Protein chains: 2
Amino acid sequence: MISSELLEKYGALKKSFQKNEPIFEEGNLPTHYYQIISGEIKMSNYNDDGREFIQGIFYKNQSFGEPPLFLNQRYPANAIAVEESTILALNKPSFTKLLEENPAISIQIIENLAQRLYYKSIMSAEISTHDPEHRVLKLIDYGILYFNFPKDNNGYLIHFTRQQIGDLTGLRVETVIRAIKNLEKKGELKIINRKVYR
Amino acid sequence: MISSELLEKYGALKKSFQKNEPIFEEGNLPTHYYQIISGEIKMSNYNDDGREFIQGIFYKNQSFGEPPLFLNQRYPANAIAVEESTILALNKPSFTKLLEENPAISIQIIENLAQRLYYKSIMSAEISTHDPEHRVLKLIDYGILYFNFPKDNNGYLIHFTRQQIGDLTGLRVETVIRAIKNLEKKGELKIINRKVYR
DNA sequence: TACATTTTATGACTTAAATCATAAAACGAG
DNA sequence: CTCGTTTTATGATTTAAGTCATAAAATGTA
């Protein structure tokens with residue numbers, strides 16, 4: 001996360017996106033660095049028959065879509081506003097200048113990318129070698145650690161829909177629903193009027 | 001990649017590893033930055049019933065295992081020498097000093113992490129939403145672009161075993177063998193005495 | 001407040017990939 | 001050169017998760 005003041009000093013502009021509006025699309029060449037002021041953004045892919053895979057969900061103060069910006073490669077996924085969102089966008093030349101003139105920012109970017117790689121390493125191993133219950137639970141536990149889900153007296157409230165969990169773990173909704181029910185039976189989590197707690 | 005001279009100037013030491021010898025193991029805390037001088041290293045996970053998932057394979061001049069080093073988190077996977085390998089290891093305090101005194105290196109690290117995130121984004125979407133043939137072909141095409149496989153008059157020689165392809169794509173050997181046969185029938189690749197060309 | 005949409009839920013069935021069994025070819029260490 | 005191991009290969013069978021159908025509850029919005 002780079003401070004709004006610094007970004008604006010280098011010419012970043014605020015842009016608003018409505019629910020379901022794309023920020024950029026798969027195959028496009030990157031032009032800007034993006035950082036969320038408010039709202040929620042998901043990056044995802046769609047396969048040939050419309051099935052979605054969510055690469056990640058990003059919230060306030062987080063940036064997204066930098067890897068292709070650094071590599072001059074086309075975006076491997078779409079970025080879409082999950083709800084109404086406001087984003088700071090800084091064009092590439094200015095962003096490069098900002099990095100050159102503020103070396104300390106590089107370390108932050110490194111840590112940020114490292115964190116995302118860490119998530120992807122964990123989840124890719126899960127997705128390819130573990131059963132649905134294990135996958136769902138791992139995603140939930142990761143979410144608790146890094147998405148700071150709210151905690152009340154029932155435990156952490158997992159504010160993902162079953163569909164989102166499915167799209168993040170490569171499972172179908174029905175499978176997620178059944179996995180969550182089983183996890184509840186096993187006492188790994190609680191379902192209180194349809195909301196999941198852990 | 002950081003030049004050997006610079007790494008050695010900061011005190012990096014050469015270490016040799018035999019085939020199948022671990023460099024570090026899942027759950028350990030990182031202590032060094034590692035860069036390959038010669039050989040081949042794989043990072044992988046094993047699930048409860050011994051099934052392997054290969055996170056990545058690294059060759060000459062590549063570094064591996066940095067994300068947890070930057071984050072002070074435990075390694076999410078094991079690093080094992082696929083063949084006899086020599087590696088430069090620089091301890092964390094010296095590595096931090098190297099980074100501070102050589103800001104240009106940060107940009108290289110960023111690009112490197114970005115490239116790996118790019119690979120993981122592509123493969124995770126593949127693994128969770130596409131059929132085996134698609135997954136295998138995508139991995140092969142990625143390998144051609146970034147692992148510089150040798151090219152001869154039959155095309156690019158894919159020097160992965162069927163088992164490795166399976167462990168990289170979350171498929172079983174038999175499934176990979178069958179997928180490759182089908183891809184050959186469809187003319188997407190060639191099998192010349194058991195070796196795969198594209 | 002009424003109605004459309006989304007989310008959660010459950011049962012029946014289908015299917016793609018895993019599993020199991022077996023073996024030949026290739027490779028590698030001694 | 002030989003023997004053990006790894007890699008590739010193929011057929012038969014099983015099974016876990018996907019698919020399909022249907023619906024109630026919850027949510028959002030006109």
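Convention: sequence-line order gives letters A, B, ...; per-chain numbering from 1. Predicted model, so just to flag it, every value in this text is computed and none were measured.
- Closest to the side chain of A:Arg162, out of D:dG18, C:dC20, C:dT8, is C:dT8.
- A salt bridge is defined here as a Lys NZ or Arg NE, NH1 or NH2 lying under 4.0 Å from an Asp or Glu carboxylate O, and B:Glu52 with B:Lys42 meets this definition.
- Axis orientation changes by 60° from one end of the helix from C:dT1-D:dA30 to C:dG30-D:dC1 to the other, with each end axis drawn from 5 pairs and the value rounded to 10°.
- Side-chain nitrogen and oxygen atoms of A:Lys181 include at least one within less than 4.0 Å of the OP1 or OP2 phosphate oxygen of C:dT10.
- The side chain of B:Ile177 lies closest to D:dT10, out of C:dA18, D:dT10, D:dA21.
- Put simply, A:Thr175 has no side-chain N or O that comes within less than 4.0 Å of OP1 or OP2 on D:dA17.
- Spacing between atom NE2 of B:His159 and atom P of C:dA26 amounts to 21 Å, rounded to whole angstrom units.
- Taking the six-membered ring for Trp and the full ring otherwise, the centers of B:His159 and B:Phe149 sit less than 6.0 Å from each other.
- Listed nucleotides: D:dT27, D:dG18, D:dA9. Nearest to the side chain of A:Leu171: D:dG18.
- Listed nucleotides C:dA18, D:dT10, D:dT19 differ in distance to A:Arg172; the shortest reach to its side chain belongs to D:dT19.
- The aromatic rings of B:Tyr142 and B:Tyr146 lie tilted to each other, with the angle between the two planes from 30° to 60°.
- C:dA17 atom P lies 13 Å from atom CD of B:Glu126, rounded to whole Å.
- The side-chain heavy atoms of B:Tyr10 and B:Asn102, taken from C-beta on, include a pair separated by under 4.5 Å.
- If you take CZ of A:Phe160 and P of C:dT7, they are 14 Å apart, rounded to a whole angstrom.
- In this structure, CD of A:Gln163 is placed 17 Å from C1' of D:dA25, rounded to the nearest angstrom.
- Straight-line distance from the CG atom of B:Asn20 to the P atom of C:dA29: 11 Å, rounded to whole Å.
- Residues A:Arg194 and A:Gly170 both approach DNA chain D. Their nearest nucleotides, taken by heavy-atom distance, put A:Gly170 toward the 5′ side.
- Spacing between atom CD of A:Glu84 and atom P of D:dT29 amounts to 11 Å, rounded to whole angstrom units.
- In this structure, B:Arg178 does not reach the D:dA9 phosphate: none of its side-chain N or O atoms is under 4.0 Å from OP1 or OP2.
- At a threshold of 4.0 Å, the pair A:Glu66-A:Arg116 counts as salt-bridged, since one of the basic side-chain nitrogens sits closer than that to a carboxylate oxygen.
- The separation between B:Ile158 atom CD1 and D:dT8 atom C1' is 17 Å, rounded to whole Å.
- Atom CD in B:Glu184 sits roughly 15 Å away from atom C1' in D:dT10 (whole-Å rounding).
- Mapping A:Asp131 and B:Ile191 onto DNA chain D via the closest heavy atom, the residue that lands nearer the 5' end is B:Ile191.
- With B:His32 as the partner, the side-chain contact (heavy atoms from CB on, under 4.5 Å) test is satisfied by one option alone out of B:Leu88, B:Ile87, B:Asn91, B:Ile23: B:Asn91.
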Requested in this report: Give the intermediate values and the outcome of side-chain contact (heavy atoms from CB on, under 4.5 Å) for residues B:Met123 and B:Thr169.
Outcome: CA-CA 8 Å; B:Met123 287 312 296; B:Thr169 54; 3.9 Å; yes
